[in-house]
There are 2 protein chains.
Amino acid sequence: MTIHHQPGKERIDAVRGFNRFYTRQIGLLDEGLLKSAFSLTEARVLYELAHRDGLTATDLARDLGLDPGYLSRLLKKFEERGLVERVATQTDARRSSITLTPGGRAAFAPLNQGSHDQVAALLDRLSAPEQDRLVKAMQTVQRLLGESAEPKVPYMLRPLQVGDIGWIIHRQGLLYAQEYGWDETYEALVAEILGAFVKSYDPKWERSWIAEREAEVVGSVFLVRQSDAVARLRLLYVEPSARGLGIGRRLVEECIGFARAKAYKTLTLWTNDVLSSARRIYEAAGFKLANQERHHAFGKDLVGQNWSLEL
Amino acid sequence: MTIHHQPGKERIDAVRGFNRFYTRQIGLLDEGLLKSAFSLTEARVLYELAHRDGLTATDLARDLGLDPGYLSRLLKKFEERGLVERVATQTDARRSSITLTPGGRAAFAPLNQGSHDQVAALLDRLSAPEQDRLVKAMQTVQRLLGESAEPKVPYMLRPLQVGDIGWIIHRQGLLYAQEYGWDETYEALVAEILGAFVKSYDPKWERSWIAEREAEVVGSVFLVRQSDAVARLRLLYVEPSARGLGIGRRLVEECIGFARAKAYKTLTLWTNDVLSSARRIYEAAGFKLANQERHHAFGKDLVGQNWSLEL
DNA sequence: ACCACTTACTTGACTTAGTCAAGTATCAGT
DNA sequence: ACTGATACTTGACTAAGTCAAGTAAGTGGT
């Protein structure tokens, strides 16, 4: 599924620049903690022990990237000082599960507080929105570079919030410009549709679904009332990064379910034949192609299609 | 100008989590380079020397956070190996300007290539849009935590691009919701206005200005034709992070200049009295309050104002 | 049950990296 | 010319980390 690219020199340089920057940044933060009785590595080990239970030496060495020999001695020293306890595991007598003693927790507390205060001071130089942007950006970096552990909840659906329609307009505008070369009139059309949707929103007959994944909007669909009998599905979209999770299908299903519940007779939609992945979803959901016609829009020659589903 | 806040425990924890994550990340990257003849610190010194001219030992120690004594020995070793040359500066005989010799460059090249390849491999695991998001996020972190060296160009104005109107709708919706508690109908209004603007755009009589700062949209304004004689200024906004740079004033000036050039007779605008910073800009530009009236919109009781400027 | 192979640590013998304090030479201001 | 900084340098350390060899315990195949 991963698409391979020539990463591009500017990107590589930007990442290398960030690495140099953050190497220094971490160095600065360490300096502050150096006054304590523990080295950075010791502090990292204590942190892990304080936050996770039943760790073995191997776990620590792996997660922190430490030499087993070095770690062994380090733990021995901790044990002698009464900071940790090692208990051989039942299942495997070679391993021992390492836990902080109350004394170890007491030793860790000021260290932890120091690091906490230091970061608090760092953040305090920024305004609240800047802090938010920083945290979001860090989470983005971590998510992209991390082991990409799949989130427990792959996605969730929620109703529209402030900021959503602008975001959806932005993303759809960019996406269809990139993927199909459509011009800014498509983005404008989305803006008009969504502006009108909110303005004349009738909660009894209409609804929107926003798919969210790790606090990011990754898809959406809107159902609008066309007449007593006919509902229209509009603006189905799923972020490329979230494709393959069944979000598109799920959004269409929600629409159909809602339309049935509201006793609409027909669910219609308009799309263009180039949007093949959307078309497959509509077909699978039972939509039939009603008619199609060539038209010129969004700077391209297109084939518009009307699909409908009898409910 | 900086507003102080209680940084909030989740944010602090998020930043600390990122620091632990990136400590490990940097550790991993170093491991790869450890096979070379140089230590991480040596590599950092070589990198600096390869990319900046006329550095002194003090510069290096400061920028990389190194102990002067340690650095001194390190440089001595480099000099003995013929990697660097030290020339006492004319102005100050205590300092010497350190430069890489051709041999030093030759020694640095594979190191540099190794780091480059390593990062390229890291990036290659991501799709192109993910790479972009990563780089953007890293730049955000760096900008926020860095010495915040003011960009050379504080901002630039450019015409509308695909993605802009959605972004502006998104930001204005969120901003006015946060600052004034307006509901989603304001965002919808912006969407309708901008959708219509693009749809019926007449380049001869209308224009948009987007203010960009470090590749981020930080403000915008739109001028639309109302009649042969009357132009209307719409949707002036400036990001809070970019306020105080005169962007708002500049955007309004551009509008006025354009309106004059097109021989409009009057420039009008509608706003609400709660938007006091915008009002100050209009007043300073010579706009006069034509009339105002109470109205209920965006979930609030407001006072709408019409301002106009005879050109 | 036994053998070969792996894993989870441990230990000894190192090297490297970094620190700290006390120097020397030079400069900047008065 | 004198005072107090600055820009290194050097000596004497300690801490931090590495590497290879070893031991005890598990795992899988026959």
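It should be emphasised that the depicted structure is a prediction, and the values quoted were computed from it without experimental measurement. The basis for the numbers below is simple: all heavy atoms, side chains too, and nothing from hydrogens, waters or symmetry mates. Every chain is numbered from 1 and lettered A, B, ... according to where its sequence line falls, protein lines coming before strand lines.
Considering only residues two or more places apart in sequence or on other chains, A:Ala14 meets the side chain to side chain contact (heavy atoms under 4.5 Å, CB included) condition with B:Val135, B:Gln139.
In this structure, A:Glu254 and A:Leu157 approach most closely via the heavy-atom pair CG-CD1, 3.5 Å. Shown here for A:Gly163 and B:Leu174, the closest heavy-atom pair between the two residues is CA-CG, 4.0 Å. Nearest heavy-atom pair, B:Leu29 versus B:Gln118, reported as atom, atom and distance to 0.1 Å: O-NE2, 3.0 Å. Minimum interatomic distance between B:Leu123 and B:Gln131 (heavy atoms only, all atoms of both residues): O-NE2, 3.0 Å.
Ring pair A:Phe21/B:Tyr22: centre-to-centre distance not below 6.0 Å.
Using a 4.0 Å cut-off between charged nitrogen and carboxylate oxygen, A:Glu216 and A:Arg143 count as a salt-bridge pair. A salt bridge links B:Asp132 with A:Arg11: the closest approach of a Lys/Arg side-chain nitrogen to an acidic carboxylate oxygen falls below 4.0 angstrom.
Within residues 42-67 of chain B, the residues that place at least one heavy atom under 4.0 Å from DNA chain D are, in residue-number order, B:Thr56, B:Ala57, B:Thr58. Remark: A:Tyr70, A:Arg73 in residues 68-85 of chain A come within less than 4.0 Å of DNA chain D through at least one heavy atom.
An end-to-end axis angle of 40° holds for the helix from C:dA1-D:dT30 to C:dT30-D:dA1, taken from five base pairs per end and rounded to 10°.
Residue A:Leu40 contributes atom CG, which lies 12 Å from atom P of C:dG18 at whole-angstrom precision. One interatomic measurement links the two molecules: CZ of B:Phe38 to P of C:dA17, which rounds to 11 Å at whole-angstrom precision. If you take CZ of B:Arg86 and P of D:dC8, they are 9 Å apart, rounded to a whole angstrom.
B:Thr56 and B:Asp59 share a donor-acceptor pair across their side chains, judged by distance under 3.5 Å alone. There is no side-chain donor-acceptor pair under 3.5 Å between B:Asn19 and B:Arg24. Between the side chains of B:Arg44 and A:Thr23, not a single donor N or O lies within less than 3.5 Å of an accepting N or O.
Within the structure, the side chain to side chain donor-acceptor pair (under 3.5 Å) test picks out no pair touching residues 96-106 of chain A (sequence neighbours left out).
Remark: side-chain polar atoms of A:Ser72 are not paired, donor with acceptor, to backbone N or O of A:Pro68 under 3.5 angstrom.
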### Query
Base, backbone or nothing for each nucleotide of nucleotides 22-29 of chain D, written B, S, -, heavy atoms under 4.0 angstrom, 5' to 3'?
--BBS---
